[in-house]
There are 2 protein chains.
Amino acid sequence: MEKPKKVPTISNAEWEVMKVLWSESPKTANQVVDTLKDKTSWNPRTIRTLIGRLVRKKALGFTQDQKDKRKYLYHPLVSEREMAKAETKSMLKRIYGGALNVMVANFLEEERLSKEEIDELRLILDKKKNELDG
Amino acid sequence: MEKPKKVPTISNAEWEVMKVLWSESPKTANQVVDTLKDKTSWNPRTIRTLIGRLVRKKALGFTQDQKDKRKYLYHPLVSEREMAKAETKSMLKRIYGGALNVMVANFLEEERLSKEEIDELRLILDKKKNELDG
DNA sequence: AAGTATAAACTACATATGTAATAAAACTAG
DNA sequence: CTAGTTTTATTACATATGTAGTTTATACTT
């Protein structure tokens, strides 16, 4: 029985920081700043603030850097999958009464997916259905 | 050429209020409060505050009640579809790089859909695909 | 060993949000 | 018409978030 591990909720900006560390970790604050320098226009101070908040929320943990003892090496404490799932569920609940197919239907109506994307989705569904059929 | 009509972003609690008025409108504040009394534990004050904020955000409009001139009759200024689509897109972008199928795949992996739900989704996709095929 | 650069910690401040209380205005009952 | 009631409008306050500046501790560097 896995414990229900409650994932922290994080803000938009915090999500960007997490993505950096999900893609590769551990990293020092400076490395995170460097990675985000291109993608965003955030002041390094801001990024450090966000890192601090993520630590407080227990979305990030850290260890001491062995080369430079002042620095921390940050790493995610929650997987991207877990967070994505939690966020998705909460959004689906809020907006679509939790119904994934309502969401997909609504979304498809106006957004155009390519035929390939649709086929890929169908494959995903077929696979899932086979699992159910046993 | 429709103008890109920018939909306001609203909070979780505000969504609940909008849902009441999307399901039936116009309604007076009191009617909204009544509808929400069962579903939530919010103080009527709170609900009126939320209505006010939604008016400020131009998500709701109102007209004067003819019976009692003090009362307003509130109605949505933005459709549920528009808001849902905007929210969905922004969430997909933030979390899944905008890719609907990544989202569906991830979500399906751990959430169980019934066979019926899966079939319904497949129908939606088939219909969409036929449209593309022409 | 002392000075300094720098990383992390703490503080700041505006706007958003959850959650209401109070004030002002207008209707209704006596 | 005046008082009480009921609506809307204004104000309040804590926490979250975006966006940084300032302080402090201390690991480097000379």
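Computation of the quantities below employed the complete heavy-atom set of this structure, encompassing side-chain atoms and omitting hydrogens, waters and symmetry-equivalent molecules. To find a chain, count down the sequence lines: A is the first, B the second, and so on, and within it residues start at 1.
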Mind listing the residues from residues 46-65 of chain A sitting with a heavy atom below 4.0 Å of DNA chain C? Number order is fine.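 Contacts with DNA chain C under 4.0 Å: A:Arg48, A:Arg53.
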
Would you please say whether a donor-acceptor pair under 3.5 Å links the side chains of A:Asn30 and A:Arg48?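 Present: a donor and an acceptor within the cut-off.
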
Whole angstroms only, please: what is the [atom1]-[atom2] distance between [X] and [N]?
X: A:Lys69; N: C:dA8; atom1: NZ; atom2: P; result: 15 Å
X: B:Glu14; N: C:dT19; atom1: CD; atom2: P; result: 12 Å
X: B:Glu16; N: C:dT19; atom1: CD; atom2: C1'; result: 15 Å
X: A:Asn30; N: C:dA5; atom1: CG; atom2: C1'; result: 12 Å

Under 3.5 Å: donor-acceptor pair, side chain of [X], backbone of [Y]:
X: A:Glu131; Y: A:Lys128; value: no
X: A:Gln31; Y: A:Thr28; value: yes
X: A:Lys19; Y: B:Arg94; value: yes
X: A:Thr40; Y: A:Leu36; value: yes
X: A:Glu109; Y: A:Asn106; value: no

Does A:Gln66 or A:Trp42 map to a spot on DNA chain D nearer the 5' end, using the closest nucleotide for each?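 Between the two, 5'-proximity favours A:Trp42.
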
For A:Ala13 and for A:Arg70, find the nucleotide of DNA chain D with the closest heavy atom, then tell me which residue's nucleotide is more 5'.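 By nearest-heavy-atom nucleotide position, the 5'-most residue is A:Ala13.
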
Span of DNA chain D, from the first to the last nucleotide whose atoms fall under 4.0 Å of chain A heavy atoms: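 Footprint of chain A along DNA chain D, 5' to 3': D:dT17 to D:dC28.
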
How far apart are the closest heavy atoms of B:Leu73 and B:Asp65, and which atoms are they?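 The answer is CD1-CA, 4.0 Å.
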
Which of these passes side-chain hydrogen bond (donor to acceptor under 3.5 Å, both in side chains) with B:Asp68: B:Gln66, B:Gln64, B:Arg70?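 Filter result, single survivor: B:Arg70.
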
Would you mind telling me which of C:dG18, C:dA9, C:dA7 lies closest to the side-chain atoms of B:Ser11?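 Nucleotide nearest to B:Ser11's side chain: C:dG18.
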
